[in-house]
Enquirer: 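Got a structure here, written out as structure tokens. Questions coming.
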Amino acid sequence: MNWAQREARLREDLLKENIDALVVSHMPNIRYLTSFTGSSALLLVLPDEIVFLSDFRYEEQAEREVAGKAAVEIVASDLWAKAWELIASSPVATVGYEAHILSVDEIKRFEEKGAQWVFQRSGRLVEQLRAVKEPQEVAAIRSAANLATRALDEILKNAIVPGRREIDVAADLERELRVRGSEWHPFRTIVASGPQSALPHAGTSNRKIGVGDFLLFDFGAQYDGYCSDITRTVVVGTASQKQKDIYEVVRNAQKIACEHVVAGLLGKEADHVARSQIEARGYGEHFGHSLGHGLGLEVHEEPRLSKANGEKLPAGAVVTIEPGVYIAGWGGVRIEDDVYLMDGKNEVLSDYPTELIEIN
Ligand code: ZN
Ligand code: ZN
């Protein structure tokens with residue numbers, strides 16, 4: 001990872017925003033800037049140095065992970081008190097902070113800190129940097145995608161028997177992910193059967209999987225901190241004509257989006273590529289969510305492939321492409337892949353077939 005370049009890009013942005021010092025409190029942002037993998041820290045980007053603050057629990061880990069990227073200070077009591085002390089002893093007029101991450105109470109404390117500084121909400125500065133991946137980050141996501149598809153393959157071959165509950169299959173899937181090396185589950189694994197598959201963010205329930213059900217898997221793996229996020233929908237038993245038809249609507253939209261979504265498109269244009277296909281087949285009102293989201297140290301990050309995003313998708317982004325069609329009370333289909341966007345081209349990182357699979 002190119003730490004010096006990350007710092008340089010951040011400092012350029014701070015200069016543009018007229019921010020003298022930035023308090024970074026969002027842990028994935030701290031990890032991005034220092035490689036720290038622990039769960040409690042603050043990072044101060046001061047005019048002439050970067051200071052990493054954490055407590056005694058992380059002393060050894062911080063020395064190992066952060067040294068060389070920031071000055072490490074282990075603080076006995078309150079990290080924020082130490083942060084104010086350091087800001088006060090630096091030539092700083094404007095302090096930026098991550099208002100989108102802090103609680104309302106924390107923001108109040110910030111803004112009541114006194115007339116000594118001007119406080120400026122930094123917006124998603126570090127998140128914007130993170131949207132453009134370095135080759136090593138893309139490689140980590142590719143590995144996470146690989147772990148996920150191999151685990152799914154095992155489950156589809158051996159774990160699906162009518163009468164088993166969704167949570168039994170989810171437990172098997174999570175085990176396969178872990179034994180293959182996934183560091184953790186980046187979000188709650190979804191195994192949704194029959195009518196449950198019509199709920200785009202269904203949990204995993206005690207429902208017994210039946211013959212003729214759609215069975216939807218939405219899950220991910222984590223490798224070197226980076227997430228994958230994959231969805232496949234299969235049919236248990238033999239698919240009905242209606243299941244085949246709806247599956248084909250989604251598959252066609254997903255395929256066309258995977259072929260055409262590249263860097264430089266606006267987020268809303270990318271969304272439209274898939275949405276227009278589904279609308280043309282008469283299912284527009286059954287595709288209620290956006291087409292996809294950025295993927296990296298977090299499972300939902302910048303950029304968004306949605307009607308609301310009028311910004312260009314940057315070269316180097318990794319995004320999901322995940323159209324779906326959901327029919328309440330009956331069932332739903334979603335197909336999701338992770339795609340690396342470049343100028344004029346892309347690479348699908350999650351290499352797994354999208355043809356309809358019938359589990360017999
Ligand atoms: Zn997903
Ligand atoms: Zn997703």
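The figures here come from the full heavy-atom set of this structure, side chains too, leaving out hydrogens, waters and symmetry mates. When a ligand or atom number is given, it counts from 1 through the structure's own listing order.
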Enquirer: How are the rings of Y326 and H289 set to each other: parallel, tilted or perpendicular (split at 30° and 60°)?
Expert: tilted
Enquirer: Taking side chain to side chain donor-acceptor pair (under 3.5 Å) as the test, write out the residues that go with E279, two or more places apart.
Expert: none
Enquirer: Which residues satisfy the side chain to side chain donor-acceptor pair (under 3.5 Å) test with R180, sequence neighbours excluded?
Expert: E176
Enquirer: Taking transitive links into account, so neighbours of neighbours count too, which hydrophobic residues share a cluster with L216 at under 4.5 Å side-chain distance?
Expert: I190
Enquirer: With a cut-off of 2.8 Å, does H300 put an N/O/S atom close enough to the Zn ion (ligand 2)?
Expert: no
Enquirer: Sort by chain and number the protein N/O/S atoms found under 2.8 Å from the Zn ion (ligand 1).
Expert: D218 OD1, D218 OD2, D229 OD1, E336 OE1
Enquirer: Please say whether the positively charged group of R275, taken as NZ for Lys or CZ for Arg, lies over the ring of F287, i.e. under 6.0 angstrom from the six-membered ring centre and within 45 degrees of the axis.
Expert: yes
Enquirer: Can any side-chain N or O of T204 pair as donor or acceptor with the backbone N or O of A170 at less than 3.5 Å?
Expert: no
